[in-house]
Amino acid sequence: MDYASASPVDPRVSEAMLPFVSERPGNPSSIHFAGAEAREAVEFARRQVAELINAENPGEIVFTSGATESINMAIKGVAFRNADKGKRLITTTIEHMSVLNTVKLLTTRGFDATLVPVDGFGFVDPARVDEAITKDTTLISVSYANGEVGSVQPIKDIGKIAREHGAYLHVDGVAAVGRTPVDVRVDSIDLMSISSNDICGPKGVGALYVKKGVKIEPLIHGGGQERGLRSGSENVPGIVGFGKAAEMAGKEMSGEIARLKKFRDRMIREIGSGTKGAHLNGHPEKRLANNVNFRFDYIEGEALILRLNDMGIAAATSSACTSKTLEPSHVLRGMGVPPEEAQGTLLLTMGRWTSDEDVNYVLENVPGIVDLLRKMSPLNPETEA
Amino acid sequence: MYTDRCMDHFRNPRNVGTIKNPDGVGRVGNPVCGDMMEIQIKVKDEVITDIKFRTFGCGAAIATSSMITELAKGKTIEEALKITRGDVADALEGLPPIKMHCSNLAADALHSAIQDYYKKKGIKIEPLRKKEADEHEHAAGI
């Protein structure tokens, strides 16, 4: 129930990767036969990833070490390369920390950033982006869908605003790609970060879609691999696995969405009605099919996760990346949830191997554990002597 | 990340609840920071004869609360006042560094309950210790 932080690698993916781990060690930059074999495999994977997001040309896919690198590359790369045009960036209050911390760094290097607020369901209003944009704005960075509350943003409208003002639109596609149809051409997306690990591919590989003609500075300099945008010998096994994962995600997406939506709606309905003091975070319907996020009065999230873990259920309170800071979710705070209420959250994210039995088991266990923790809480008026 | 001893106290917390007509009640922490605990004590002849806790918080907050009730039960007030945050962490065979500050409030809660006991009895005392809980510094996001 924690597919958002790591999805299991599909056996079909590891099978595709294996030859490139052992008997096919070629470097795609070598001229000899082994190099050619590796080059061919990398280019095949590039086409697989391009197809998933309907990129016009596979050459627009740049492989990286993961979505965090892609996001850093997109934001810093566009900001630096286009600084002569302007030094203003726009993002939202509920982005992933890799976006927020990158933007934060740039604000200490002479750039200005506007953080557009979201509504109570976690949606960005394009009108707010339109208000924030100026002729100095070079980049708007918005996630396609939020990883914590599953809100899918009006990317097409934001893309239109970016085009009108001559700014680039970077989309953090980590939570959305492979889970909901994403079309970079229809949505006027200029750059998009994608993670392999979030679509049942291997860790340590990702991609940045860079639309042809977008002016961007590389982050990593060297031998000029990946059109000169990302130097360093390619992670061939990882890229091959990522390609296979992208192909499967594309083929199986519509069936998976229908299957997971049923689980999601059942969990939202039953946790909401069967657990005391449960409040859904995000919109009841307009959310990713695999995302359920609740908060519970009078209890704290980590205690809940540890108890669920004891029952064999892997869940999260918010993004795994923020668990090191002990801060309540900035996404919920951005949606206007008070900090004391944002403490008691439960994030369940489903994927390819989530079954009916798993959902039943979660629904059997959550109310009891919540109740047990509530009984221990000094905030709960019912526990007074 | 937690020791076995800590997880044992988290899974099977000792002395959870409240006491009817307690002699002292201590409440420390703040739900905004994610940890809040309450300790209630019953005192007879300067000995803590009963102690209960209620805690809103993470695994460490619950485990430290449970542990302090074990450490303090049957002790004299004077002995209980000597129990420190470090003693609680040691008794749990250690806490993750990030939890030492925010979640290790149990000793403060016990001392605050004792202070309340003194207050109710009309005994004037010096402040027992600086309220570390008030020193919370939370880095603001952007």
Side-chain angles (χ1 to χ4, degrees), chain A residues 91-95 97 99-108 113-115 296-307 309-311 317 322-331 333-334 338-345 369 372-385, chain B residues 1-2 6-22 25-40 42 50 52-63 65-66 69 96-103 105 109 113 136-142:
Chain A
T91 187
T92 85
T93 52
I94 62 164
E95 297 304 304
M97 293 321 285
V99 171
L100 292 177
N101 283 334
T102 302
V103 169
K104 195 175 176 183
L105 171 91
L106 289 173
T107 60
T108 68
T114 306
L115 269 62
F296 303 98
D297 292 339
Y298 314 136
I299 69 171
E300 192 270 347
E302 190 205 88
L304 177 61
I305 301 311
L306 288 171
R307 284 274 178 184
N309 185 53
D310 280 348
M311 302 306 294
T317 53
T322 56
S323 65
K324 290 185 181 70
T325 60
L326 304 183
E327 291 290 312
S329 157
H330 71 281
V331 174
R333 298 286 296 115
E340 62 274 25
E341 286 184 33
Q343 299 282 1
T345 54
I369 291 174
L372 185 136
L373 292 170
R374 283 167 63 91
K375 282 193 175 134
M376 289 174 63
S377 175
L379 303 174
N380 183 358
E382 289 169 22
T383 65
E384 297 291 342
Chain B
M1 82 185 212
Y2 290 126
C6 197
M7 281 309 289
D8 174 42
H9 275 265
F10 168 70
R11 289 188 182 116
N12 313 294
R14 283 65 148 173
N15 306 304
V16 178
T18 51
I19 297 170
K20 253 198 178 155
N21 306 316
V25 178
R27 268 188 177 218
V28 296
N30 186 337
V32 172
C33 302
D35 289 302
M36 182 169 173
M37 47 184 90
E38 177 195 84
I39 300 265
Q40 301 197 349
K42 199 87 190 157
D50 197 8
K52 296 265 193 225
F53 85 87
R54 293 188 300 165
T55 290
F56 162 86
C58 65
I62 291 170
S65 311
S66 167
T69 62
I98 195 168
K99 301 283 186 181
M100 284 298 279
H101 182 69
C102 291
S103 309
L105 298 172
H136 276 197
E137 275 178 39
H138 283 250
I142 60 168

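Throughout, a chain's letter reflects where its sequence line sits, starting with A, and its residues are numbered from 1.
Interface remark: B:Ala60 contributes backbone atoms only to the contact with chain A (heavy atom separation under 4.5 Å). Heavy-atom distances place both the backbone and the side chain of A:Arg307 under 4.5 Å from chain B. Interface remark: B:Pro96 contributes no atoms to any contact with chain A (heavy atom separation under 4.5 Å). Using a 4.5 Å cut-off between heavy atoms, A:Leu306 touches chain B through backbone and side chain atoms alike.
Considering only heavy atoms from C-beta on, A:Met376 stays 4.5 Å or farther from B:Met37 through its side chain. Considering only heavy atoms from C-beta on, B:Phe56 stays 4.5 Å or farther from A:Leu373 through its side chain.
Under the side-chain hydrogen bond (donor to acceptor under 3.5 Å, both in side chains) criterion, A:Thr91 pairs with no residue, sequence neighbours left out. For A:Asn309, the side-chain hydrogen bond (donor to acceptor under 3.5 Å, both in side chains) test picks out no residue, with sequence neighbours left out.
Contact record, A:Ser377 with B:Arg54: O-NH1, 3.8 Å, taken as the closest heavy-atom pair. Taking every heavy atom of both residues into account, A:Ala303 and B:Gly57 meet most closely at CB-O, 3.4 Å.
Taken to the nearest 0.5 Å, the CD atom of A:Glu300 stands 11.0 Å off from the OG1 atom of B:Thr55.
Side chain of A:Gln343 to backbone of B:Val32: a donor-acceptor contact under 3.5 angstrom is found. One N or O on the side chain of B:Arg27 and one on the backbone of A:Pro378 form a donor-acceptor pair closer than 3.5 Å.
Each of B:Lys52, B:Met7, B:Arg11 has some count of heavy-atom pairs under 4.5 Å with chain A, and the biggest count is that of B:Arg11.
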